[in-house]
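Here the structure comes first, spelled out in structure tokens, and everything after it is commentary.
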Amino acid sequence: MLADQGNGAAAIAADPPASPFAMPEVFASLSEDWREKLAQTDWVPDLGRDIGSFTWFRGLATLVLLCGVAISCLPDFGPISGHQTAALTGFRADQARSQMIAPLAYGSDTGVRMAATDAVRPLAQSPERPSIELVATLGRGDSLRRVLQRAGVANAEAREVTDLVAGAVTLDEIKPGTKIDVTLGRRPAKNQPRPLDQLAFRARFDLNLEVLRNGDKLALNRKPILVDDTPLRIKGVVGSSLYRSARAAGAPADAVQKYLQVIGKKMSVSRDIRSTDEFDIILGYRRAETGEVEVGDLLYAGIERDGKAKAQMLKWASGGRSNWFEASGVGQSRGELVRPTRGRKTSGYGMRRHPILRYKRMHSGIDFGGGYGAPIYAVTDGKVSFAGRKGGYGKFVKIRHNGGLGSGYAHMSRIAVRNGARVRQGQIIGYIGSTGLSTGPHLHYELYRNGRAINPNSVKFIERAKLAGKELRRFKSELQRLQQVKPGAALGTLKSASSTTEKQREISRLGKKSIS
């Protein structure tokens, strides 16, 4: 018994009963275990993987819970009640009613509503307006006939008006944005369109057109507008700033910028022009007797020093295009060869290892990178001598220029010119592609002299036009005519066409009749 008691005592001593003060420590350890488990759990797994697993359903539950929270937080989009004024009562209501105007059906100023009596008879049909006046606008890419049809003009009359107008002016001369005054008359029945009574618009700067109804037919009436086309000449001292002085003298900003560009090709604006020099600008200018003004392009650019011409540049059309010529008839230099495309150079001229054939051979041109379909430009004026497919070049264009020069453009995706066509500098002749022996979209550009390929970087191509013979005489005559225009002459009083004939007294006409 003692031994047993001893063992029992030893057992009791080895495992004492738990104290109630140790319970918070147990809960703390459990909470730490759960927090660790929650932290290690992936609550937002990729729903595109392990579809149907426990992790996938856990992610789906998280998504649904977050969507529910977001939807529950949506604001209310209902109307916000504003301030409501109280109804008028007493003397305020009587004062407001005495000042208002209302129909009898709504009580007038007494508030007593009056219903219709037997004397009121309903109308079988509502009366129509005898005529309708409206304004139609000609849009860009629109036609006169479609505009009239949209305005309510019958198809046959719209066609007739278009034919009448086409007999007076070319329909392409009518500018987009032109306002057309249309008057439609009374229609004979509700199921028929209204007839056109009158139509008027400005067909050109110097012409008004009017279409009037004469019985059952339409007649066209032309109303010419007196127009003065005297060029606008502006002169002044350069001073501290040529641009500011020209603007202060009344020259438009665009014209001054163009003037500086033209003069800048003849001399240095900052170094060669003095403050005491005089600028001379002549612009195309048109004035109508109705008050409208059209400012045209720059026609003449000059600089005078001590009463003598330092620079005289006149715009002149020669060879199918306009250029600036000096007073001697010599045109401005026409720059160097332009870049055939806007991409960067990816390969130069010379020997290289071909990327497809895998052996070294001569690369007789320059490669330009670029996106598929990027435009390709002619480096200068010329005539297309070949346009089509050519072996490893793919879609290829070759242009012949003056002076024995030529240029070639290979690997195009699409050709925009035809064989034998004349092209101008900067004109789009095709688009970048990867046809022929090519590893990707790019342009292979070549330059030829007398049919042999040369390094494109070694040529600076400059053209200088020169007038001679009859064309030079006409050029000199035009230059002399513009120089005779007085500054500000285009701004004088414009004599109206209606005032060209003086009004005569009736007694004077009677006297002349009796004398004759």
Side-chain angles (χ1 to χ4, degrees), residues 103 120-230 284-297 317 490 493-504:
V120 178
R121 297 181 181 180
L123 295 175
Q125 59 181 4
S126 60
E128 289 188 340
R129 297 172 58 182
S131 63
I132 296 178
E133 297 180 359
L134 53 92
V135 179
T137 305
L138 182 66
R140 188 178 300 276
D142 209 345
S143 66
L144 179 61
R145 182 177 174 181
R146 288 198 297 267
V147 171
L148 296 179
Q149 288 177 344
R150 290 198 300 269
V153 180
N155 188 22
E157 290 188 344
R159 188 187 303 110
E160 184 179 358
V161 170
T162 303
D163 295 340
L164 290 174
V165 173
V169 296
T170 306
L171 296 180
D172 295 337
E173 294 184 59
I174 306 176
K175 297 181 180 180
T178 300
K179 303 293 184 181
I180 305 173
D181 297 326
V182 181
T183 303
L184 302 176
R186 188 189 298 274
R187 55 183 177 181
K190 286 189 175 182
N191 58 354
Q192 295 183 6
R194 289 178 176 267
L196 178 65
D197 281 354
Q198 185 178 359
L199 181 143
F201 67 99
R202 189 162 190 164
R204 284 198 314 251
F205 189 73
D206 59 347
L207 180 63
N208 276 333
L209 291 181
E210 187 179 30
V211 178
L212 300 174
R213 177 167 295 280
N214 187 7
D216 295 336
K217 295 183 178 180
L218 296 174
L220 180 68
N221 184 20
R222 304 186 185 189
K223 293 183 177 181
I225 302 173
L226 181 63
V227 173
D228 180 22
D229 56 357
T230 303
Y285 198 75
R286 301 178 73 196
R287 288 185 305 154
E289 63 174 334
T290 52
E292 293 82 6
V293 172
E294 279 188 351
V295 180
D297 297 332
T493 304
L494 181 61
K495 194 174 183 180
S496 175
S498 59
S499 62
T500 54
T501 58
E502 297 182 358
K503 293 185 178 180
Q504 202 172 23

Does the side chain of [Y] come within less than 4.5 Å of [X]'s, by heavy atoms?
| X | Y | value |
| --- | --- | --- |
| R202 | T290 | yes |
| V147 | T137 | no |
| N155 | R145 | yes |
| Y285 | V293 | yes |
| L199 | V153 | no |
| F201 | L138 | no |
| D181 | E133 | no |

Residue pairs passing the side-chain hydrogen bond (donor to acceptor under 3.5 Å, both in side chains) test with at least one member in residues 162-172, sequence neighbours excluded, are T170-E173
- Task: Verify the neighbour count for atom NZ of K217: are there more than 12 heavy atoms of other residues, nucleotides or ligands below 6.0 Å?
- Result: no
Query - Heavy-atom neighbours of R146 CZ exceed 12 at 6.0 Å - result: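 Counting neighbours around CZ of R146, more than 12 heavy atoms of other residues, nucleotides or ligands fall under 6.0 Å, so yes.
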CG (L226) and CD (E289) are apart, to the nearest 0.5 Å, by 5.0 Å
With sequence neighbours left out, the residues meeting salt bridge (Lys or Arg N to Asp or Glu O under 4.0 Å) with R187 are E128
Name all residues meeting the salt bridge (Lys or Arg N to Asp or Glu O under 4.0 Å) criterion together with K223; count only those two or more places apart in sequence or in a different chain, and write none if there are none.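 Scan of K223 (salt bridge (Lys or Arg N to Asp or Glu O under 4.0 Å), adjacent residues dropped) gives E210.
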Practice item. Could you tell me whether a side-chain N or O of R213 sits under 3.5 Å from a main-chain N or O of L196, the two making a donor and an acceptor? Key: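 Here the side-chain-to-backbone pair exists.
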